[in-house]
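Working notes for the structure below.
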Amino acid sequence: MRTLFTGISELRTVSEQGTIKDAFLLIDGPVIHSLGPAADRPSDAEVDEVVDLGGRAVLPGWVDSHTHMVFDGNRAEEFEARMAGESYAAGGIAVTMEATRSAGEERLDQLVRERIAAGHAGGTTCFETKTGYGLNVESEAEAARVAARHADEVTFLGAHLVPPGADAEEYVELVVGPMLDAVKDHAQWIDVFCERGAFNEEQSRRVLEAGKAAGLGVRVHGNQLGEGPGVALAVEMGAASVDHVNYITDEDVALLAGSDTVATLLPACDLSTREDLAPARRLVDAGARIAIASNLNPGTSFTSSMNFCVTTAVLQQYLTLDEAIEAATAGGAFALRRHDAGGGKDPQGRPAKGTIVPGAAADLHVLDAENAINLAYRPGMPITWQTWVAGEKVHG
Ligand code: NIG
């Protein structure tokens, strides 16, 4: 099935081809076939279907590389107290743990399905999600199964918090032993919340090493609530990403700039926890790779709106529009190692995410605007017109 898109006012390829004004785009089933100036478009007779976008901007679908979608319940009261001056503490995770443990697999499945649909409605086409609200073998395995049915990438986060009443050392042994065994076939990644009040450096290293030995890639939650060992550990372990990075030293920045570890910014979380926004400009100016993600979860970021995150990154973190779009598309894809490693294919030979080049996934975000700058120029306005995943329209 060859579908030709016409009426594209601005095609942001997020590739060497940059932005093409007045463009055409041809997809062939689930992948991008070709693109270029409208003057070079194929004729109607050469394609199966023509979709006229009526002068709208097209960009790659957002790649949301950090979410915690498998949960039940909410923490609205905790949030309201925070807005009245309380500070964020990781202990709230235990509240969500209780709700998630008692939800049942069918309900979790339904909740995640709805959250993916909401993501699609906001232009997201690729989702990572984590376990981490089960915190025992049975519930972590359940969360991993649910995640694997819906998300593109699944991360095992048994090491999110030591559950109330458990001994930290014994819990780490559980995570690296029976829990890892129970989830590893459903996950591609292992993660740890390396932070004061969660897991220390030595415990975090043990968790990541066990995951690596089991064949999982490594990611780290680090430097969210204060300076600490998260970034250095992530770089040392060859992590694909270290996420949050609110409190980083010049040494951390230099380590990131000299590595393939992506610094993932979570602006909605920073606002919802009233932390200073992560130093996006400092990271980019130093040459570090960045991604922007939603961090959808009930504690620190109850939103899946990547549009909001990109808007915030431009308006409040001083990124240019190009930088913010790249971070939320190709940057997220790199953080998941689903980026274009050549010929539109990712390192595993699958159609790449987060870019519009021949061979890449036909994952598109059509804006109800002539130019993508409207994401920041008209903040908060409804801007997602259509969303396409692997050549199928999933929204609009
Ligand atoms: O990424 N920082 C750790 N984990 C989540 C928050 C989890 C929660 O409070 O429920 C985060 O912000």
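Source: prediction; values computed, not measured. Atoms within each ligand, like the ligands themselves, are counted from 1 in listed order. In this chain, numbering begins with 1 at the start of the sequence shown.
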Would Arg289 pass as a cation-pi partner of Phe334, given that its NZ or CZ must be under 6.0 Å from the six-membered ring centre and within 45 degrees of the axis? yes
Can you find a side-chain donor-acceptor pair between Ser9 and Glu370 that sits under 3.5 Å? no
Grouping I, L, V, M, F, W and Y whenever their side-chain heavy atoms are under 4.5 Å apart, do Leu25 and Val51 come out in a common cluster? yes
Table of N or O contacts for ligand 1, cutoff 3.5 Å:
from     : atom 1 : to     : atom 2 : distance (Å)
ligand 1 : 1 (O)  : His68  : NE2    : 3.2
ligand 1 : 1 (O)  : His221 : NE2    : 3.2
ligand 1 : 1 (O)  : His244 : NE2    : 2.9
ligand 1 : 1 (O)  : Asn295 : OD1    : 3.1
ligand 1 : 1 (O)  : Asn295 : ND2    : 3.2
ligand 1 : 2 (N)  : Gln224 : OE1    : 2.7
ligand 1 : 4 (N)  : His160 : NE2    : 2.7
ligand 1 : 9 (O)  : Arg75  : NH2    : 2.8
ligand 1 : 9 (O)  : Tyr88  : OH     : 2.5
ligand 1 : 10 (O) : Arg75  : NH1    : 2.7
ligand 1 : 10 (O) : Arg75  : NH2    : 3.3
ligand 1 : 10 (O) : Tyr133 : OH     : 2.6
ligand 1 : 12 (O) : Asn295 : ND2    : 3.0
ligand 1 : 12 (O) : Thr300 : OG1    : 2.7

Parallel, tilted or perpendicular, as decided by the 30° and 60° cut-offs, for the rings of His221 and His244: tilted
Going by the angle between their ring planes, with limits at 30° and 60°, are Tyr133 and His68 parallel, tilted or perpendicular? tilted
Verify salt bridge (Lys or Arg N to Asp or Glu O under 4.0 Å) between Arg206 and Glu169, making sure each step is shown before the conclusion. CA-CA 11 Å; Arg206 233 188 310 153; Glu169 289 303 311; 2.5 Å; yes
